[in-house]
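Report on the structure given below.
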Amino acid sequence: MKINILTLFPEMFSGFKSESIIGKALEKNLLEINIVNIREFCYDKHKQADDMPFGGGAGMVMKPEPLFRALETVKGKVIYTTPQGVRFNQKLAIELAQEEEITIIAGHYEGIDERVVESKVDLEVSIGDFVLTGGELPAMMMADCIARLVPGVIKKESYENDSFFNGLLDYPHYTRPAEYEGMKVPEVLLSGHHKNIETWRLKESLKRTYLRRRDLLVGRELSKEEKKLLAEIKRELGK
Ligand SMILES: NC(=O)c1ccc(NCc2cccc(O)c2)nc1
């Protein structure tokens, strides 16, 4: 899979591409992340990438020509990160991870000229209801979420217990030491009894989801075991 990211600030992506899981995946050629500097497509003397908005008002708008030119050099579904987009989530990430190539435009200022959106953008996507100084961090977040779904980038089993992969929030995690400052790790996790551990983890996932994100349970099919555990949870919570 290839992810192109069009940006005015390519240096913002150097750490993202060199460190940790994404860095290793790129070294292993499991995927490609191509950072395209929009500034290279500003052919005027001052390399102007933005200009004042027609109709007046504060802020600047990204000019169409450099974006159209930059888009000529890439392929795949074109995504534009903007507060005006559909909400990004794991389901959309899984869909986008099936694509051979995608291109993400990281907008700046007040956004990009609408003619680029109308004629070139396939999907406007928001990472949440808040405004950032630019679309680079949303682009990085989306690329990270999509990249980790590419086979080989992370170990398969850890993918399966992802929050949202099974529609529930993740269970609590512990590692050594077994006791720290008087705080002990739950006994069951030290028991080596895999069935009990699996049940404990499912119950914790259900409890967290029920308490923190009950909306995720609406419309989610519950297995017989999950129904039993949820009933136990409600009894224990006295709800
Ligand atoms: N919630 C988000 O995904 C998000 C995306 C971008 C962004 N800033 C750049 C920008 C881009 C376009 C219009 C605009 O008003 C601001 N801020 C937040």
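Counting starts at 1 for both ligands and their atoms, in listed order. Sequential numbering from 1 along the given sequence is applied to the chain's residues.
- More than 12 heavy-atom neighbours from other residues, nucleotides or ligands sit within 6.0 angstrom of CZ on Arg214.
- Counted within 6.0 Å of NZ on Lys224, heavy atoms from surrounding residues, nucleotides or ligands total 12 or fewer; the atom is thus considered open.
- Remark: Glu236 engages Lys203 in a side chain to side chain donor-acceptor pair (under 3.5 Å) (not counting sequence neighbours).
- By the 4.5 Å heavy-atom criterion applied to side chains, Arg220 and Thr209 are not counted as neighbours.
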Between ligand 1 and the protein, find all N/O pairs closer than 3.5 Å and give the distance for each.
unit_1: ligand 1; atom_1: 1 (N); unit_2: Ser126; atom_2: OG; d: 3.3
unit_1: ligand 1; atom_1: 1 (N); unit_2: Gly128; atom_2: O; d: 2.8
unit_1: ligand 1; atom_1: 1 (N); unit_2: Phe130; atom_2: O; d: 3.1
unit_1: ligand 1; atom_1: 3 (O); unit_2: Ile127; atom_2: N; d: 2.8
unit_1: ligand 1; atom_1: 8 (N); unit_2: Leu132; atom_2: O; d: 3.0
unit_1: ligand 1; atom_1: 17 (N); unit_2: Leu132; atom_2: N; d: 2.8

message: One pair to check against side chain to side chain donor-acceptor pair (under 3.5 Å): Thr7 and Glu136. What are the steps and the verdict?
response: CA-CA 7 Å; Thr7 174; Glu136 278 75 16; 2.6 Å; yes
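- A donor and an acceptor atom, one from each side chain of Thr82 and Gln84, are located under 3.5 Å apart.
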